[in-house]
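Everything on this sheet refers to the single structure shown next.
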Amino acid sequence: GTAQAVEVGVNASRDYGFSPSDTNGGGITIGQKFGAAGVTAGWDRYTTNGVGQNKWSLMGSYDVAKVAGATVAVKAGAAYLDNSGSTADGYALLAGVGVSYPLTKELAATADYRYQAGQKRVEQFNGNTILAGVKVGF
């Protein structure tokens with residue numbers, strides 16, 4: 001297939017696996033669609049109780065359904081957790097589902113659920129993340 005659209009997005013998130021407590025975050029994404037398949041690179045920032053984390057991710061997606069105009073996609077990928085202070089850095093696998101609802105031809109609202117499972121040295125960050133945002137297609 002040929003590339004259809006570059007998508008740039010911003011999001012806000014709530015990470016329920018963040019240690020030592022749940023935390024809010026935000027980030028940016030850039031992605032490319034290839035028909036029903038897509039790939040997205042992202043950066044999210046979390047800070048709580050003196051611990052900061054940059055989460056760099058690469059996710060693949062595949063559109064599985066259209067529901068009331070919204071596109072539902074399954075997603076899988078990996079992330080690098082770049083932690084501040086004495087907290088170890090490491091890699092994690094990501095799996096989830098996302099929904100994209102077009103607001104205009106170029107603008108869409110998004111919502112994602114992800115589960116994260118990491119290496120032993122970052123397993124304290126394993127858990128659920130909910131993200132909501134907007135993306136612009138070019």
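Quick note: numbers below take in every heavy atom, side chains included, and nothing from hydrogens, waters or symmetry partners.
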Where [X] and [Y] come nearest, the two heavy atoms and their spacing:
{"X": "Arg114", "Y": "Ser57", "result": "NH1-OG, 4.3 Å"}
{"X": "Asp44", "Y": "Gly27", "result": "OD1-CA, 3.5 Å"}
{"X": "Ser100", "Y": "Lys135", "result": "OG-CE, 3.3 Å"}
{"X": "Leu131", "Y": "Ser13", "result": "CG-CB, 3.7 Å"}
{"X": "Gln116", "Y": "Phe125", "result": "NE2-O, 3.2 Å"}
{"X": "Val99", "Y": "Ala70", "result": "CG1-CB, 3.8 Å"}

Atom pair [atom1] ([X]) and [atom2] ([Y]), whose distance is rounded to the nearest 0.5 Å:
{"X": "Thr129", "Y": "Asp22", "atom1": "OG1", "atom2": "CG", "value": "9.5 Å"}
{"X": "Ser84", "Y": "Tyr46", "atom1": "OG", "atom2": "OH", "value": "14.5 Å"}
{"X": "Leu81", "Y": "Glu123", "atom1": "CG", "atom2": "CD", "value": "12.0 Å"}

Do Thr87 and Gln124 come within less than 4.5 Å of each other through their side chains, counting heavy atoms only?
yes
Measure the shortest side-chain to side-chain distance between Thr40 and Lys75 over non-hydrogen atoms and say whether it is less than 4.5 angstrom.
no
Is [X] linked to [Y] within one hydrophobic cluster, defined over Ile, Leu, Val, Met, Phe, Trp and Tyr using a side-chain heavy-atom separation of less than 4.5 Å?
{"X": "Ile130", "Y": "Trp43", "value": "no"}
{"X": "Val67", "Y": "Leu103", "value": "no"}
{"X": "Trp56", "Y": "Leu93", "value": "no"}
{"X": "Ile30", "Y": "Val134", "value": "yes"}
{"X": "Val97", "Y": "Leu58", "value": "no"}

Verify, without hydrogens or angle tests, whether [X] (side chain) and [Y] (backbone) share a donor-acceptor contact under 3.5 angstrom.
{"X": "Thr29", "Y": "Gly42", "answer": "no"}
{"X": "Glu7", "Y": "Lys33", "answer": "no"}
{"X": "Gln32", "Y": "Val39", "answer": "no"}
{"X": "Thr110", "Y": "Gly133", "answer": "yes"}
{"X": "Asp89", "Y": "Asn83", "answer": "yes"}

If we check side chain to side chain donor-acceptor pair (under 3.5 Å) with Asn128, which of these qualifies: Tyr115, Tyr16, Tyr113?
Tyr113
I'd like to know whether Lys55 forms a side chain to side chain contact (heavy atoms under 4.5 Å, CB included) with Asp15, so could you lay out the CA-CA distance, the side-chain angles of the two residues, the decisive distance to 0.1 Å, and finally the verdict.
CA-CA 11 Å; Lys55 185 183 294 185; Asp15 192 326; 3.2 Å; yes
